[in-house]
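Structure, as structure tokens:
Predicted model only: the values in this text are computed from it and were never measured.
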Amino acid sequence: MENGGVENHAFHMDEHGSEDATGKHVHTQRREEEEEEEHRNKPTYCVTDVPPWYLCVLLALQHYLTAFGGIISIPLILSERLCLQNDPLTQGRLINTIFFVSGLCTLLQVTLGVRLPILQGGTFTLVTPAMALLSLPEFECPAWTQNSSLVNTSSPVFIEVWQSRLRTLQGSIMVASVLQVVVGFSGLIGFLMRFIGPLTIAPTVSLIGLSLYDSAGDRAGSHWGISAMTTVLIVLFSQYLCRVPLPIPTYSRTRKLHTSKFYIFQIMPILLGISVSWLVCYLLTIYDVLPSDPDKYGYVARTDVKGDVLDRAPWFNFPYPGQWGMPTVSLAGVFGMLAGIVCSMAESVGDYHSCARLSGAPPPPKHAINRGIGVEGVGSLLAGAFGTGNGTTSFSENIAALGITKVGSRTVILVSGFIMILIGILGKIGAIFTTIPNPVIGGMFLIMFGVITAAGISNLQTTDMNSSRNIFIFGFSMFSALTIPNWLLKNPNSLVTGVKEVDQVLQILLTTHMFIGGFLGFFLDNTIPGTKKERGLLCLDKDDAEDTGRLSQVYDLPFGISSFFSRRSWGRYIPFCPWNDDRSKEEAVIQSDSSKRNSSMESYF
């Protein structure tokens, strides 16, 4: 019995020892896998790294192509409400202007703003209120502007028709952007973000995409075959072939001439989809497959509809503030733009944290966030002054590109800014884009606006969507935001207070889907009891805690500005300037890692 007991005890000891050894092995293996994954996700070039010049140019072009679809969509959407359907030359100038301003604002953001590799471009949060403003009775396009045979683009009457509308957009955007400048540089953004959570951002952003279904449907419906082909091509390139590389010849001193993998479908799916469909439309035009009669279905799919716009466009076009005349201000327009500006600020704060994580930088401190929002306000002010009909914001698509390429260098984004400025100066480039057939644009819109809608809904992933509270808030906000504007547009005379200005303000706000959805989400989320975990606010608190303990010189201002303020006792009271006596050791770690990295171009491909 005793021996048996000893043997049994020894058996159990071996068994436990074996289990411990197995557990240690599993733990070690898991740790190695985590380290391998962390190493795999580590950027090849961090924020302060400078890749070789040729790689900078290639990656800068990629960022431009990534932002291409979103930036070019905005003037094409607005042109219809600006009565410019039959004036492709002016459409080309609008495209040149928005590219020029986007490049200029990118340079400002990277050098004096948040100082992260974030590309700036037009914002869809201002498209919806702009469309609502231009839907007012006094801004409806005259019937003769819809007929190409009656439009004389050089006529002073026609010029005043579209310029008066654009000047009103300019003034409204400029006044509203002052709020963003004040909120950013005063440090109020941190206070506001305590009340703006995922249940406010999700309905606001998703309704931007949903509210543009009419514009997408009109363009796609001009030839559903061409639109479907464009959509299928973009889906094929971006989803099914994104991980299929193409071999390209590459030369290096060590390996001489060889081939490398280039993920072209992942980098530029929208441009490729548009180009192929555009080429098909051109072939169908020259072989007269598409009807040549303007009254027949499918005529607008022809590539010769815009006539000789490319020949008439100048080689160089230099945008400048006030090029459409002195901006005017609409009180109703300002209120509508303010709603878009608030949404844009909330989005940008999230973009800063995502960009920092993907580019190997510590979480952005409060002074960098304040500065970034303030500079975005300056960018919207410039966009309004130049006359893009829009503002500027951080481009989320390009932040995603950082994770794909593993290159988070802000030098690359600086080069991209210069490229966009150059594109904005070349008048022929803007004219080329206006010749894209309407159904091709419609097919692109089906993808773009769908992705915007889904991106808005994705903000709910940090909330508890098993909570009946959250389901009620989101569902009620969304449905009300679709129902109320639809009813008001069908009953335009139902809002009559006797004061014209008040009527206009109410008409714009209550027909702007994202304002109603965002307002209801904001009000209900901050008044109905709920825990921070339930509301999805814990991650924001975590980021704030990291901000206070992980400051870095990455976010310091250039040209010795940070040193100047740091030496002044009053510098600590300036919300947008860094004040940190005890620097974190993280910068030394970043620089040490950077020096050990292999700067080979093959790591990118």
Side-chain angles (χ1 to χ4, degrees), residues 47 60 62-64 66-71 73-74 98-99 101-127 173 177 179-181 183-185 189-190 192-193 196 201 204-205 208 340-359 361 363-383 388 390-405 407-410 412-414 416-417 420 448 451-452 455-456 458-459 540 543 554-555 576:
V47 182
Q62 172 189 268
H63 276 285
Y64 159 71
T66 303
F68 165 83
I71 293 177
S73 297
I74 293 170
I98 197 169
F99 274 121
V101 173
S102 296
L104 184 62
C105 294
T106 298
L107 299 184
L108 287 174
Q109 187 66 274
V110 176
T111 55
L112 300 175
V114 72
R115 304 221 67 206
L116 286 170
I118 295 183
L119 188 135
Q120 302 290 290
T123 169
F124 280 95
T125 61
L126 296 185
V127 170
I173 291 169
S177 63
L179 171 71
Q180 190 169 8
V181 174
V183 168
F185 289 127
I189 183 64
L192 291 177
M193 287 306 296
I196 301 176
I201 298 173
T204 306
V205 177
I208 295 171
I341 288 289
V342 172
C343 176
S344 177
M345 288 191 290
E347 274 190 287
S348 294
V349 172
D351 286 341
Y352 298 160
H353 286 276
S354 299
C355 184
R357 186 175 64 254
L358 292 173
S359 59
K366 288 183 174 61
H367 69 79
I369 293 176
N370 295 339
R371 207 165 54 237
I373 295 299
V375 169
E376 281 194 19
V378 173
S380 293
L381 195 63
L382 288 173
T388 64
N390 198 251
T392 59
T393 191
S394 301
F395 251 52
S396 303
E397 296 92 333
N398 291 79
I399 295 174
L402 298 180
I404 296 171
T405 63
V407 177
S409 170
R410 60 185 169 208
V412 171
I413 302 298
L414 280 172
S416 185
M420 287 197 291
M448 295 280 305
V451 170
I452 292 172
S458 69
N459 284 276
L540 298 178
D543 288 340
V554 168
Y555 299 100
F576 54 88

Do Leu107 and Leu414 have side-chain heavy atoms sitting under 4.5 Å apart?
-> yes
Any donor-acceptor pair under 3.5 Å from Ser359 side chain to Cys355 backbone | yes
Does the side chain of Val349 reach to within under 4.5 Å of the side chain of Met345, using non-hydrogen atoms?
-> no
Heavy-atom side-chain proximity of Ile189 to Lys366 below 4.5 angstrom | no
Can you name the nearest heavy-atom pair linking Leu382 to Val101, along with the distance?
-> C-CG1, 4.5 Å
Find the distance between CG (Asp351) and OG (Ser344) and round it off to the nearest 0.5 Å.
-> 9.0 Å
Nearest heavy-atom neighbours spanning Glu376 and Thr393 = OE1-OG1, 3.6 Å
Partner set under ring-ring contact (aromatic ring centres under 6.0 Å, His included) for Tyr64, not counting sequence neighbours = Phe99
Taking all atoms of both residues into account, what is the closest heavy-atom pair of Gly122 and Ile71, and its distance?
-> N-CG1, 4.4 Å
Arg371 side-chain N/O to Val114 backbone N/O, donor-acceptor pair under 3.5 Å = no
Please, which pairs that meet side chain to side chain donor-acceptor pair (under 3.5 Å) have at least one residue in residues 111-127, sequence neighbours excluded?
-> Gln120-Ser394, Thr123-Thr125
Name all residues meeting the side-chain contact (heavy atoms from CB on, under 4.5 Å) criterion together with Ala356; count only those two or more places apart in sequence or in a different chain, and write none if there are none.
-> Leu116, Ala361, Pro364, Tyr555
Mind listing the closest non-hydrogen atom pair of Thr204 and Cys343 along with its distance?
-> CG2-SG, 3.2 Å
Do the side chains of Met420 and Leu119 get nearer than 4.5 Å, heavy atoms only?
-> yes
To the nearest 0.5 Å, what is the distance between CG (Leu126) and CD1 (Ile74)?
-> 8.5 Å
For Phe185, which of Asn370, Ile373, Val378 qualifies under side chain to side chain contact (heavy atoms under 4.5 Å, CB included)?
-> Val378
Taking Tyr352 for the side chain and Gly372 for the main chain, is one N or O donor matched with an acceptor at less than 3.5 Å?
-> yes
What distance separates Ser102 OG from Asn390 CG, expressed to the nearest 0.5 Å?
-> 8.5 Å
What closest approach, in Å, do Ile413 and Thr106 show between heavy atoms, and which atom pair accounts for it?
-> CG2-CG2, 3.5 Å
For Ser177 and Leu381 the tightest heavy-atom approach is OG-CD1, 3.3 Å
